[in-house]
Enquirer: 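Here it is, the structure, as structure tokens.
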Amino acid sequence: MKISMRNLRLVALGAVLAISASAAVADDAANCCYPGSVVYYDEADTIVGVRMFGCGDPGWGVVTSRSKTYNGCIM
């Protein structure tokens with residue numbers, strides 16, 4: 001049985017794709033989120049709540065439609 005170069009390349013490509021897909025799933029489980037924070041304000045621009053994603057702290061306060069987003073953990 002003779003294996004053509006094309007078939008060998010396809011098998012190699014499939015192996016590389018399978019390995020990279022499994023590495024991406026493992027990486028997602030370890031690092032679920034890029035750290036970021038959202039600060040929520042009321043009508044008088046007073047801070048009424050904070051949510052921190054990927055920081056290990058769920059935050060506190062009220063979620064409103066007025067907010068500002070920051071990169072990283074702020075507290």
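Please read these numbers as outputs of a predicted model, since none were measured by experiment.
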Enquirer: Would you confirm whether Arg51, through its side chain, and Gly61, through its main-chain N or O, come within 3.5 Å as a donor-acceptor pair?
Expert: yes
Enquirer: Tell me, do Tyr41 and Ile47 make a side-chain contact under 4.5 Å, heavy atoms counted?
Expert: yes
Enquirer: What pairs meet the disulfide (SG to SG under 2.5 Å) rule with one or both residues in residues 37-75, with sequence neighbours excluded?
Expert: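 Residue pairs passing disulfide (SG to SG under 2.5 Å), neighbours aside: Cys55-Cys73.
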Enquirer: For the residue pair Asp45 and Arg66, establish whether any side-chain heavy-atom pair is separated by less than 4.5 Å.
Expert: yes
Enquirer: Closest heavy-atom contact between Met52 and Ser37?
Expert: CG-OG, 3.4 Å
Enquirer: Mind listing the closest non-hydrogen atom pair of Val39 and Tyr70 along with its distance?
Expert: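 It is CG2-CE1, 3.6 Å.
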Enquirer: Report the residues that fulfil side-chain contact (heavy atoms from CB on, under 4.5 Å) with Thr46, sequence neighbours left out, ordered by chain and then residue number.
Expert: Asp42, Ala44
